[in-house]
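First up is the structure itself, then whatever we jot down about it.
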Amino acid sequence: MTDVTDPPRFDTKVVVVLVADLAAWQELNVTAFLMSGVATSSGDLVGEPYRDADGTTYLPMLRQPVIVLTADGDTLSRARAKAAARDDVALAIYTRELFGTSHDAANRAAVAAVAASDLDLVGIAVRGPRNVVDRVVKGATFHE
């Protein structure tokens with residue numbers, strides 16, 4: 001059994017920032033898609049599979065907490081630009097157009113059709129050094 005009395009302090013931070021005007025189902029959808037990008041961005045992010053006392057095995061999950069924040073569109077765009085300018089920050093985006101697409105190729109085409117500064121962002125996810133991520137998402141507040 002793993003010793004859970006002394007939780008680790010992670011060198012990195014994972015944050016999802018959502019635009020404030022989404023419906024609840026959209027918030028959940030965007031968060032799930034963004035986190036799939038974060039989870040695949042580095043092999044060391046995902047822990048071991050879970051197993052209950054009966055021996056049933058479950059999929060592994062991220063090893064560290066995820067913070068979900070909310071921001072207005074301008075703050076979200078600034079955070080995307082700051083993250084994209086850094087080599088030490090992994091970035092996933094979700095645009096409003098993706099609510100109208102139905103598969104991965106259409107999603108990528110919708111993003112590819114718009115310049116970075118014109119993306120209608122509804123969410124981003126970032127992973128990087130704790131202090132850097134804090135500066136990238138400055139202005140966003142805890143999701144309520």
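For the numbers below, each heavy atom of this structure counts, side chains included, while hydrogens, waters and symmetry mates do not.
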Write down the atom of [X], the atom of [Y], and the distance for their closest heavy-atom approach.
| X | Y | value |
| --- | --- | --- |
| Ile124 | Ala79 | CD1-CB, 3.7 Å |
| Leu45 | Val38 | CD1-O, 3.1 Å |
| Val16 | Ala125 | CG2-CB, 4.1 Å |
| Ala83 | Val126 | CB-CG1, 3.8 Å |
| Val17 | Ala140 | CG1-CB, 4.0 Å |

Quick one: which of Lys82, Arg127, Arg80 gives a side chain to side chain contact (heavy atoms under 4.5 Å, CB included) with Leu91?
Arg80
Considering residues at least two apart in sequence or located in another chain, which fulfil the side chain to side chain donor-acceptor pair (under 3.5 Å) criterion with Ser42?
Asp44
Quick one: list whatever passes side chain to side chain donor-acceptor pair (under 3.5 Å) with Thr12, sequence neighbours left out.
Gln64
Kindly list each side-chain donor-acceptor pair under 3.5 angstrom involving residues 113-122, sequence neighbours excluded, with atom names and distances?
{"unit_1": "Asp120", "atom_1": "OD2", "unit_2": "Arg96", "atom_2": "NE", "d": "3.3"}

Under 3.5 Å, which donor-acceptor pairs link side chains of residues 22-30 to any protein atom two or more places apart or in another chain?
{"unit_1": "Gln26", "atom_1": "OE1", "unit_2": "Ala23", "atom_2": "N", "d": "2.9"}
{"unit_1": "Glu27", "atom_1": "OE1", "unit_2": "His143", "atom_2": "NE2", "d": "3.2"}
{"unit_1": "Glu27", "atom_1": "OE2", "unit_2": "His143", "atom_2": "NE2", "d": "3.2"}
{"unit_1": "Asn29", "atom_1": "OD1", "unit_2": "Tyr94", "atom_2": "OH", "d": "3.2"}

Result block: side-chain N/O donor-acceptor pairs under 3.5 angstrom for residues 53-62, not counting sequence neighbours:
{"unit_1": "Thr57", "atom_1": "OG1", "unit_2": "Arg51", "atom_2": "NH1", "d": "2.9"}
{"unit_1": "Tyr58", "atom_1": "OH", "unit_2": "Asp52", "atom_2": "OD2", "d": "2.6"}

Steps toward salt bridge (Lys or Arg N to Asp or Glu O under 4.0 Å) verdict (Asp104, Arg108):
CA-CA 6 Å; Asp104 186 54; Arg108 285 183 281 111; 3.0 Å; yes
For Thr101, side chain to side chain contact (heavy atoms under 4.5 Å, CB included) partners two or more places apart
Leu98, Ala106, Asn107, Ala110
Approximate separation, where rounding is to 0.5 Å, of Leu69 CG and Leu18 CG:
8.5 Å
Using the rule that Ile, Leu, Val, Met, Phe, Trp and Tyr join whenever any side-chain heavy atoms are under 4.5 Å apart, tell me whether Phe33 and Phe99 fall into a single cluster.
yes
Donor-acceptor side-chain pairing of Thr75 and Asp72 below 3.5 angstrom:
yes
